[in-house]
Structures are given as C-alpha cells and as structure tokens.
Amino acid sequence: MKRDSFAFIAGLVKDRSGLVLAADQGYMLETRLGPLLKREGLPDIDTLALRLKDPRSAKLAEAVTEALTTNESSFFRDGKPFEHLRRALPALAAARAPGVPLRIWSAACSTGQEAYSIGMILAELTLGGRRVEIIGTDIAQEVLARARDGSFTQFEVQRGLPARLLVKHFRQEEGRWRVAPELRAMARFEHFNLLSDLRPLGRFDVIFCRNVLIYFDTPTKVRVLDAMAAQLASDGVLYLGGAETVLGLTGQLVPITGERGVYAKAKAGVAALAG
C-alpha cells in the first residue's frame, strides 16, 4: 500500500466519521478492507484509493467507513453507568411535567446491547407511568440492522447479561437468543453520524456516548461534546467510557462527584444526580 493511498483513505474516513487512523495502522486497513476488496473485485488498497477519488463513489466510501469503524458492544458494559442510571431515572421522571416523555439516546449503539440494557432497567422501574423513548444511532447500517433484528449469539448474551434477565427478556430461536417483542418495542434504531447537526434529534434527558471519543482527535471531541451538551436537558446526564473525559475539552459539562464517566451540565445541580 502506498503512503498516499493510506493518507487519502484515512482522511476520507476522518471526514466522514471522525475516526483518526494512525500512520502505523496500515495493517488494520488491509485486514478490515480485505473482504470489501474481494467483493468489489479490486486487487489492492491502492486501486481502492483510486476508485474512492471518483465523485460517484459515495456508496463505496460509506462501505469503507463502516468497515473501519469499531463496533464493540456487550450487555450492561462496565456495569457502573447502568447502576447510576437506575438511581437517576426516578428523579428525572419526577422532575418532568405530566405527559412529557423521558428521552434516552444510545449514541454509536452498534448492535444494540446498550439500548436493550437500558430497556431492561426501565422494565423494572415504574417511574409513575412515565413514557420513555430510547433511540439508538450508529453510522454503520449493518450493525443497525442487527440491532433492529434483536437476535444475539450465545456468546453475546453471556457477556454481561444476568441469567434472570436472559430468561425474562429473550426467547431462544434456532441456537440464538432474540429480544422479546415488548423489549424490542422500547427502542428504535436510526442511521446517524455524530459529526452531523444533532439538533434534529431533539433534546435528551440521558445520553450514552461511551468508548467513542477515544477514536477522535481533540477538535472533534470538543465539537461532539459541545453539540451533545446543547441537546442535553438542564438536569440531564451524559455517560462516557471509563477512559474518556470532558476535562480540558468543554466547560459545558462537569463530572458528577464520586462517579466515573458520568457528567452533568455545568451549574445544573450536580449533587442531585450523584444518587
């Protein structure tokens, strides 16, 4: 692979998704793009780079971006954010006017485990009959299709999903586990790019955006965090990955004392959310 081919593809992917590819990640391109090269009948990545320069190659560029995006997920991943969510939801629901739904966004939702984990928590809370909307978004159409389908392998359900919740919320079908209709109906999944204008998504009471910022450069992190803060309710809560932070990136969000990866709007009564 020529250096300029790598640089062109890396630039294209960054512009489309925010993902930053380091100069030493040429092996990743070759590994992840191998199946795409075969499918497109292209001999190598240099030829792919030439094809991508054609203005008519938008669909191919989307396929390349999806292939290079990391789609790692598991049920109740890292545990602690979901414990905090369970404590925070009753207060958020109580603070809303009658008839106003709670809105929860699972950004970069991958195959849907995070959104369904949120749904399982909601299924155990009454919240005074408050309606809740769960929206999962991702840049990759393939993983969104899997999220909507709600079918998981034995390995996937063994990663973080307690047996009692598996039995309660899943049905076994031909060696796989499918989300029960009532849980699947709690979440909807949409194609969305975090670099797009977030305003059409509306305001959210809770945003999960975990293990995404680690793939962005600093200006992109700032841009995404500021945009999310603008869409977060004044008493809302943002969950980031354990290795991610808002510190030094934005003044619109502050850590919630005693919690890891949990943030509130600045001057929004952080103590109330500490649970």
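The structure displayed is predicted, hence computed values, not measured ones.
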Trainee: Should the pair Arg178-Asp149 be classified as a salt bridge under the 4.0 Å nitrogen-to-oxygen rule?
Mentor: yes
Trainee: So, using salt bridge (Lys or Arg N to Asp or Glu O under 4.0 Å) as the criterion, who are the partners of Asp44 when residues are at least two apart?
Mentor: none
Trainee: With sequence neighbours left out, what residues match Phe6 under ring-ring contact (aromatic ring centres under 6.0 Å, His included)?
Mentor: none
Trainee: First locate atom CG of Leu240, then atom CZ of Arg210, and finally report the distance between them rounded to the nearest 0.5 Å.
Mentor: 9.5 Å
Trainee: Check Ser73 against Thr111 and note the closest heavy-atom contact, atom names and distance.
Mentor: CB-OG1, 4.3 Å
Trainee: Can you tell whether the side chains of Arg146 and Glu156 come within less than 4.0 Å, N to carboxylate O?
Mentor: yes
Trainee: Search all heavy atoms of Glu114 against all heavy atoms of Ser106 and return the closest pair with its distance.
Mentor: OE1-OG, 2.7 Å
Trainee: Between Arg188 and Glu190, is the closest basic N to carboxylate O distance under 4.0 Å?
Mentor: yes
Trainee: So if I apply the side chain to side chain contact (heavy atoms under 4.5 Å, CB included) rule between Phe76 and each of Gln113, Arg159, Met120, which one comes out positive?
Mentor: Met120
Trainee: What residues form a ring-ring contact (aromatic ring centres under 6.0 Å, His included) with Phe75, not counting sequence neighbours?
Mentor: Phe152, Phe170
Trainee: Run Leu225 and Tyr263 through side chain to side chain contact (heavy atoms under 4.5 Å, CB included) and show every step you take.
Mentor: CA-CA 11 Å; Leu225 285 171; Tyr263 300 87; over 6 Å; no
Trainee: One thing to verify: whether Lys2 and Asp4 come together as a salt bridge, which I'm taking to mean a side-chain N less than 4.0 angstrom from a carboxylate O.
Mentor: no
Trainee: Can you list every salt bridge (Lys or Arg N to Asp or Glu O under 4.0 Å) pair that touches residues 88-111, not counting sequence neighbours?
Mentor: Arg96-Asp205, Arg96-Asp235, Arg103-Glu133
Trainee: Of all the heavy-atom pairs spanning Val237 and Val262, show the shortest one and how long it is.
Mentor: CG2-CG1, 3.4 Å
Trainee: Under the ring-ring contact (aromatic ring centres under 6.0 Å, His included) rule, collect the residues that match up with Tyr116, sequence neighbours excluded.
Mentor: Phe189
Trainee: Counting only pairs under 3.5 Å, give me each side-chain donor-acceptor contact of residues 243-251, with atom names and distances, residues two or more places apart or in other chains.
Mentor:
| residue | atom | partner | partner atom | Å |
| --- | --- | --- | --- | --- |
| Glu244 | OE1 | Asn211 | N | 3.0 |
| Glu244 | OE1 | Gly241 | N | 2.6 |
| Glu244 | OE2 | Asn211 | N | 3.2 |
| Glu244 | OE2 | Val212 | N | 2.8 |
| Glu244 | OE2 | Leu213 | N | 2.8 |
| Glu244 | OE2 | Ile214 | N | 3.2 |
| Thr245 | OG1 | Leu247 | N | 3.0 |
| Thr250 | OG1 | Asp226 | OD1 | 2.6 |
| Thr250 | OG1 | Gln252 | N | 3.1 |

Trainee: Taking NZ, NE, NH1 and NH2 as the nitrogens, is one of them in Lys80 or Glu83 under 4.0 Å from a carboxylate oxygen of the other?
Mentor: yes
